[in-house]
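One structure below.
Since this is a predicted model, take the numbers as computed values, not measurements. Below, each value reflects all heavy atoms present in this structure, side chains not excepted, and no hydrogens, waters or symmetry copies. Positions are given from 1, in the same order as the sequence printed here.
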Amino acid sequence: MGKLPSNSLEQIPLDLGHRTALGRDDFLVTPNNHDAVAWIDLWPDWPAPCLVLYGPVASGKTHLGAVWAERSSAVCVKASDINEDFIHDVADMKHHIIIEDADSLIGNIVGEKGLFHLYNIFKEEQHSMLLTLNEPPVRRAFALPDLASRLRAAPSVAIREPDEHLIEALLVKLFSDRQIRVSAETLHYILPRIERSFEAVRDLVERADQQAMIEKRSITIPLLRGIINGDDFTQEL
């Protein structure tokens, strides 16, 4: 059995550029994610060894995974490390696990075989795993029929695209994570002009923060107008 790489199992990582709030109280519970939160709260009474949490990029899967990790003492396993040899080292750790961004395993026969054996080991040893995907297993083309049947039968729960109220709450939270306060007027300017997606909100906050630091100024409507309109700020530097 190969030695477990020191960087293969790790606690849920936090962004290094700013302090991200990942506690249970910091997670915004809305109709878009209520079912997902309910499943996390249901643990350890899951009906299967695996829960599949799916949703678009930046929808909060990592945050909700961190909530579960704190509750279950789970560790995060890199999807790229999953194979038939590595899974025995994972099982020997006697931890519940999270496999984030597991999309890369679907259709990859080596990865699927590793995940299939890991599923069976966890079922026998009564451990739990949380698998995050962008789409549910029923929409994915598997290379291994046995894995497909297990994951499609496992409980799967979605985090859906946000409505306007959640977009506003996300803006407040993401700016707050960066210790930035924005006015109600600024938020009201953003809301009708931003794409209704988690990724768009995250990208806007990151770009606004970066540009404000470059220009050594507050985040204002004129600054946001330039970002939303796609202005080339490099011409001003």
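Summarising the geometry of Gly114 relative to Ile87, their closest heavy-atom pair is O-CG2, 3.1 Å, with the distance given to 0.1 Å. Closest approach of Ile219 to Val182, counting heavy atoms only: CG2-CG1, 4.3 Å. The minimum heavy-atom distance linking Leu53 with Ala36 is given by the pair CD1-CB, 3.7 Å. Considering all non-hydrogen atoms of both residues, Ala79 and Ser104 come closest at CB-OG, 3.7 Å. Between Ile227 and Ala208, the closest heavy-atom pair is CD1-CA, 3.4 Å. Minimum heavy-atom separation, His127 to His95: ND1-O, 4.2 Å.
Rounded to the nearest 0.5 Å, atoms CG (Leu151) and CD (Glu112) are 8.5 Å apart. Here Leu130 contributes atom CG and Ile97 contributes atom CD1; the two are 9.5 Å apart, rounded to the nearest 0.5 Å. Of the inter-residue distances, the one linking Ser59 atom OG with Asn134 atom CG reads 8.0 Å to the nearest 0.5 angstrom. We find the OG-CD1 distance between Ser218 and Ile180 to be 9.5 Å, quoted to the nearest 0.5 Å. Expressed to the nearest 0.5 Å, how far NZ of Lys113 lies from CD1 of Ile82 amounts to 15.5 Å. Here the SG atom belonging to Cys50 is positioned 5.0 Å from the CG atom belonging to Leu131, to the nearest 0.5 angstrom.
Using the six-membered ring where Trp is involved, Trp46 and Trp68 have ring planes that are parallel, under 30° apart on the 30 and 60° scheme.
When only modelled atom types and interatomic distance are considered, Glu215 and Gln211 share a side-chain donor-acceptor pair under 3.5 Å. Using a 3.5 Å distance cut-off with no hydrogens or angles, the side chains of Arg217 and Thr220 do pair a donor with an acceptor.
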Which donor-acceptor pairs under 3.5 Å do side chains of residues 159-168 form with protein atoms, sequence neighbours excluded?
residue	atom	partner	partner atom	Å
Asp163	OD1	His165	N	3.3
Asp163	OD1	Leu166	N	2.9
Glu164	OE1	Arg196	NH2	3.0

Validation: residues 183-191 side-chain donor-acceptor distances under 3.5 Å, sequence neighbours left out:
residue	atom	partner	partner atom	Å
Ser183	OG	Thr186	N	3.1
Ser183	OG	Thr186	OG1	2.8
His188	ND1	Ala184	O	3.3

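Using a 4.0 Å cut-off between a side-chain N of Lys or Arg and a carboxylate O of Asp or Glu, Lys173 and Asp177 qualify as a salt bridge. Note on Lys78 versus Glu100: no salt bridge recorded, every NZ/NE/NH1/NH2 to OD/OE distance being 4.0 Å or above. For the pair Lys61 and Asp101, the salt-bridge criterion is not met [side-chain N within less than 4.0 Å of a carboxylate O].
Judged by distance alone, with hydrogens and angles left aside, the side-chain atoms of Asn229 form a donor-acceptor pair with the main-chain N or O of Arg225 at under 3.5 Å. Side-chain atoms of Arg71 do not come within 3.5 Å of backbone N or O of Ala66 as any donor-acceptor pair. Remark: the backbone N or O of Phe86 is paired with a side-chain donor or acceptor of Asn83 at under 3.5 angstrom.
Within a 6.0 Å sphere centred on CD of Gln126, heavy atoms belonging to other residues, nucleotides or ligands number 12 at most.
Residues Ile98 and Val77 have side chains not in contact (no heavy-atom distance under 4.5 Å, counting atoms from C-beta outward). Proximity of Leu224 to Arg193: side-chain heavy atoms (C-beta onward) are nowhere separated by under 4.5 Å.
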- Give the C-alpha distance, both sets of side-chain angles, the deciding distance and a yes or no for side-chain hydrogen bond (donor to acceptor under 3.5 Å, both in side chains) between Trp43 and Ser128. CA-CA 9 Å; Trp43 186 88; Ser128 300; 3.0 Å; yes
- Item | Stepwise side chain to side chain contact (heavy atoms under 4.5 Å, CB included) test for Thr132 and Tyr54 | CA-CA 5 Å; Thr132 72; Tyr54 67 93; over 6 Å; no
- Message: Run the side chain to side chain contact (heavy atoms under 4.5 Å, CB included) test on Ile194 and Ile228 for me, step by step, so that the C-alpha distance in whole Å, both residues' side-chain angles and the decisive distance to 0.1 Å come before the verdict.
- Response: CA-CA 8 Å; Ile194 190 172; Ile228 292 170; 5.8 Å; no
- Query: Should Ile40 and Leu51 be marked as a side chain to side chain contact (heavy atoms under 4.5 Å, CB included) after you check the CA-CA gap, both sets of side-chain angles, and the distance that decides it?
  - Reply: CA-CA 9 Å; Ile40 293 299; Leu51 173 68; 4.2 Å; yes
- Stepwise side chain to side chain contact (heavy atoms under 4.5 Å, CB included) test for Arg150 and Asn120: CA-CA 9 Å; Arg150 280 162 176 73; Asn120 290 337; 3.1 Å; yes
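Shown here are the ring-ring contact (aromatic ring centres under 6.0 Å, His included) partners of His117, two or more places apart in sequence or in another chain: there are none.
Under the 4.5 Å side-chain heavy-atom criterion for ILVMFWY residues, a single connected hydrophobic cluster contains both Val110 and Leu118. Ile99 and Val57 are assigned to two separate hydrophobic clusters, defined by single-linkage of ILVMFWY side chains at heavy-atom distances under 4.5 Å.
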